Amino acid sequence: MRTPKSEASGNGRWRGLLASFFLSGAGLILAGKTRRGILWAAVFFLGPFLLVALYGQPLVPAQSGPILLGSWLVLWGIMLFDSFKPVRALRWWIWVGLIIAALFVSELTSRTIKSCFQAFRVPTETMRPTILAGDDLLISKHAYAFHNPARGEIIVFNTRGIDGIASEKDGSQVFYLKRIVGLPGDRLIFRNGQLFVNDRLQQLGDPDHPRDYREQGSWLSSHSSSKYTVPEGSYFVLGDNSANSFDSRYWGPVRRESIIGRASKIYWPWRRAGTPR
C-alpha cells in the first residue's frame, strides 16, 4: 500500500526531523538512510567530548568557547535538515524507545566527558592573582595520562590521607588547587623569603606579583629547617598568594595518586577567561 503523497511530503518528513531531534541520526535510519544516520549518531555521541577536549588545550583561546558552541549548534541544525526525510507512521512505543535511547546516550556522553574533565569553582584566594575566588575552572583529568606533572603547573588534588588537612564532617572529599614547585628528588631551599630549587631561584607565575616565603609553615619547619628534598612519587605545592596560602609548607608533599588533574581553563567569569599560567 502506498503512502499518500501529502503524508510523505508533509507529516512523514516531520517525523524524520522529530526522531533525529530526540536521537541524532534516528530520522535518517528510519528513512532508510542507515549509513548516514549512523555517521550522524557517531558525530553527536563523540562530538561533545571532542569539543571539550579541544577547548581544554592550552593553545586554544578561552574566548573561543562561544564559537565552538555556535559551530556545534550549526552542525546540529544541518543534521536536522538532513533528517527531513519521509518516515512512515510510528507506533507510540517506538517514540518512547527513541526518548529512552536519547536519555541513555546523553548520560553515557556525560560520563565520558566527566571521566576526562571536571569543572571546579574556586572558593578561596590562595592562588591570587593567577586564579581568584569565584573563578570557574576546567580541569583536565587526563593531562597526566602519558607524562608526569611538571614544575610550574597548577593542579587540583584530593586531600584525603594528607595529615594536617582536616576532612569534612560529612565525609565528602576536599580538593585543593596549588602550583607545583618541587618534583620528586628536587632539593628545595627557602632563603630570605625566596624559593630555590636545585640551587636555582624559582619565580613561577605572575612576575609582577612577587612571592614571599618567609613564613616557613609548621610542617616544613619541623622537618628540615627550610631545606627539603622531595621524596619519590611526591610533589611539593605552593599557593601563588604566598602570604595567605595553606600549602605544602604546612602539611607536606602531595602523592602522585592524589592528583586529579591540571587546571586547563578559566571559563567564567567571561572577563577573566583564559589559560592560567
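Side chains are part of it too, since the values below use all heavy atoms of this structure and drop only hydrogens, waters and symmetry mates. All values derive from a computational prediction rather than experimental measurement.
Remark: Asp135 engages Arg272 in a salt bridge, criterion side-chain N to carboxylate O under 4.0 Å. A salt bridge links Arg36 with Asp82; the closest basic N to acidic carboxylate O contact falls under 4.0 Å.
A single hydrophobic cluster is seen to contain both Val74 and Trp40, as judged by linkage of ILVMFWY side chains at heavy-atom distances under 4.5 Å, directly or through other members. By the criterion of side-chain heavy atoms lying less than 4.5 angstrom apart, applied directly or through intervening Ile, Leu, Val, Met, Phe, Trp or Tyr residues, Leu69 is not grouped with Phe44; the two fall into different hydrophobic clusters. Grouping the Ile, Leu, Val, Met, Phe, Trp and Tyr side chains by contacts below 4.5 angstrom, directly or via other members, places Leu30 with Leu80. Placement of Ile180 and Phe175 in two distinct hydrophobic clusters is found when ILVMFWY residues are connected by side-chain heavy-atom separations under 4.5 Å, directly or transitively. Ile162 is not connected to Val181 by any chain of hydrophobic side-chain contacts under 4.5 Å among Ile, Leu, Val, Met, Phe, Trp and Tyr, and they are in different clusters.
Donor-acceptor pairing under 3.5 Å is recorded for the side chains of Ser234 and Arg255. Between the side chains of Lys178 and Ser245, at least one donor N or O lies within less than 3.5 Å of an accepting N or O. A donor-acceptor contact closer than 3.5 angstrom is absent between the side chains of Ser258 and Asn158. Remark: the Glu153 side chain and the Tyr235 side chain contain no N/O donor-acceptor pair separated by less than 3.5 Å.
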Derivation of the side-chain contact (heavy atoms from CB on, under 4.5 Å) call for Leu138 and Tyr55: CA-CA 9 Å; Leu138 179 67; Tyr55 182 69; 3.9 Å; yes
Leu201 vs Gln194, side-chain contact (heavy atoms from CB on, under 4.5 Å): CA-CA, chis, key distance, verdict: CA-CA 7 Å; Leu201 176 64; Gln194 296 181 313; 3.7 Å; yes
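Note: Trp251 and Phe246 have perpendicular aromatic rings, judged against thresholds of 30 and 60 degrees for the angle between ring planes. Taking the six-membered ring where tryptophan is involved, the planes of Phe84 and Trp14 are perpendicular, since the angle between them exceeds 60° and thus also 30°.
Checked by atom type and distance alone, the side chain of Ser264 never pairs as donor or acceptor with a backbone atom of Ile139 at under 3.5 Å. The closest donor-acceptor contact from the side chain of Gln63 to the backbone of Ala273 lies under 3.5 Å. A donor-acceptor pair under 3.5 Å is absent between the side-chain atoms of Ser83 and the main chain of Leu17, judged by distance alone. Put simply, the side chain of Arg262 never gets that close to the backbone of Ile155: no donor and acceptor are under 3.5 Å apart. A donor-acceptor pair under 3.5 Å links the side-chain atoms of Thr109 to the main chain of Val105, judged by distance alone. One N or O on the side chain of Asn241 and one on the backbone of Glu125 form a donor-acceptor pair closer than 3.5 Å. Distance alone, capped at 3.5 Å, is enough to place a donor-acceptor pair between the Ser248 side chain and the Gly252 backbone. Under a 3.5 Å cut-off, the side chain of Ser64 and the backbone N or O of Val60 do not form any donor-acceptor pair.
Arg256 approaches Pro149 most closely through the heavy-atom pair NE-CD, 3.5 Å. Nearest heavy-atom pair across Asp247 and Gly239 is OD2-N, 3.2 Å. In terms of heavy atoms, Ala119 sits closest to Tyr267 at CB-OH, 3.4 Å. Shortest non-hydrogen contact noted between Gly134 and Arg121 is O-NE, 4.0 Å. Taking each heavy atom of Gln57 and Ala53 in turn, the nearest pair found is NE2-O, 3.1 Å. The minimum heavy-atom distance linking Pro58 with Arg277 is given by the pair O-NH2, 3.6 Å.
Between Asp136 atom CG and Phe120 atom CZ the span is 11.5 Å, to the nearest 0.5 Å. Atoms CE and OG, on Met127 and Ser242 in that order, are 11.0 Å from each other to the nearest 0.5 Å. The distance from the NZ atom of Lys141 to the NZ atom of Lys114 is 9.5 Å, given to the nearest 0.5 Å. The CD1 atom of Ile131 lies 10.0 Å from the OG1 atom of Thr124; values are rounded to the nearest 0.5 Å. Expressed to the nearest 0.5 Å, how far CZ of Arg15 lies from CD1 of Ile94 amounts to 11.0 Å. Separating the CG atom in Leu188 from the CG atom in Asp199 is a distance of 11.0 Å, to the nearest 0.5 Å.
Annotation: side chain of Leu238 is in contact with side chain of Tyr213 (closest heavy-atom distance under 4.5 Å).
Cation-pi geometry between Arg187 and Tyr228 is not met: the NZ or CZ atom fails to fall both under 6.0 Å from the ring centre and inside 45° of the normal.
For Phe21 and Trp76, the ring centers are positioned less than 6.0 Å apart.
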